[in-house]
Amino acid sequence: DSGVTQTPKHLITATGQRVTLRCSPRSGDLSVYWYQQSLDQGLQFLIQYYNGEERAKGNILERFSAQQFPDLHSELNLSSLELGDSALYFCASSAQGGRGGYTFGSGTRLTVV
Amino acid sequence: DAKTTQPNSMESNEEEPVHLPCNHSTISGTDYIHWYRQLPSQGPEYVIHGLTSNVNNRMASLAIAEDRKSSTLILHRATLRDAAVYYCILRDVGGGTSYGKLTFGQGTILTVHP
């Protein structure tokens with residue numbers, strides 16, 4: 001157990017639907033990062049939150065959004081799902097300043113059918 | 001983002017040392033060198049990081065060239081559980097636009113033979 005909890009572990013849904021992925025960071029970590037890993041794209045950075053505020057944005061589609069709540073857990077919302085959104089979605093957290101290592105969760109495997 | 005270059009794959013025998021190279025010729029003064037590894041169907045796992053000096057921890061050692069344009073991750077005695085994809089990543093802590101995120105490349109696939 002890395003200390004970063006992601007739920008659900010697996011999700012199967014149909015095209016056009018909307019899903020929410022949840023991440024609880026390691027205790028004490030203020031930063032949360034979301035990554036997408038598909039077979040042909042490798043690990044792609046989506047977005048970062050620090051203490052509730054968006055801090056950095058990567059290649060995140062407009063159909064995707066995220067937020068970090070006062071208790072520091074984060075949610076990634078994926079809407080109007082397409083087959084190409086099928087991937088592993090990882091959440092990571094880091095301490096204030098992030099000069100140390102990042103801790104990743106075990107991921108949510110999303111399958112869009 | 002400053003870029004890293006790693007060999008696509010490497011092989012090793014069990015209980016032998018492994019030296020995984022990484023080139024980062026465009027590294028800036030505020031870039032930390034991070035190494036992560038990813039086992040099949042798992043999230044990336046932090047291995048080690050450093051700025052200028054060589055670093056050791058229970059998992060590995062990181063040797064950083066004097067000009068910081070390259071680094072080497074050293075696994076002192078490879079085990080079968082070390083078979084994974086190893087990523088060398090530069091992390092900007094200087095407050096620039098890339099601040100915070102880790103940009104993963106393709107990494108090096110390490111195969112460990114019994």
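Residue numbers start from 1 in every chain, and the chains themselves are labelled A, B, ... in the order their sequence lines are given, proteins ahead of strands.
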Next item on the list: Looking only at non-hydrogen atoms, find the nearest pair between F90(A) and Q42(B) and report the distance.
Entry: CZ-O, 3.7 Å

Notebook entry, point to check: Taking only residues two or more places apart in sequence or in another chain, which ones pass side chain to side chain contact (heavy atoms under 4.5 Å, CB included) with S61(B)?
Noted result: N56(B), I74(B), H76(B)

Check: Counting heavy atoms not belonging to I109(B), are there more than 12 under 6.0 Å from its CD1?
Finding: no

Notebook entry, point to check: When you look at CG of D71(A), are more than 12 heavy atoms from neighbouring residues, nucleotides or ligands closer to it than 6.0 Å?
Noted result: yes

Let me have the donor-acceptor pairs involving side chains of residues 57-69 of chain A, under 3.5 Å, with sequence neighbours excluded, atom names and distances please.
from, atom 1, to, atom 2, distance (Å)
N59(A), ND2, Q44(A), OE1, 3.3
R63(A), NH1, S79(A), O, 3.0
R63(A), NH1, S80(A), O, 3.1
R63(A), NH1, D85(A), OD2, 2.8
R63(A), NH2, D85(A), OD1, 3.0
R63(A), NH2, D85(A), OD2, 3.2
Q68(A), OE1, N51(A), N, 3.2
Q68(A), OE1, G52(A), N, 2.7
Q68(A), NE2, L30(A), O, 3.2
Q68(A), NE2, L72(A), O, 3.1

Check: Which atoms of L43(A) come close to chain B, meaning under 4.5 Å heavy atom to heavy atom: side chain ones, backbone ones, both, or neither?
Finding: both

Check: Out of R91(B), H34(B), H49(B), which residue meets the side-chain hydrogen bond (donor to acceptor under 3.5 Å, both in side chains) rule with Y102(A)?
Finding: R91(B)

Check: Atom OG1 in T103(B), atom CZ in F45(A): separation rounded to 0.5 Å?
Finding: 8.0 Å

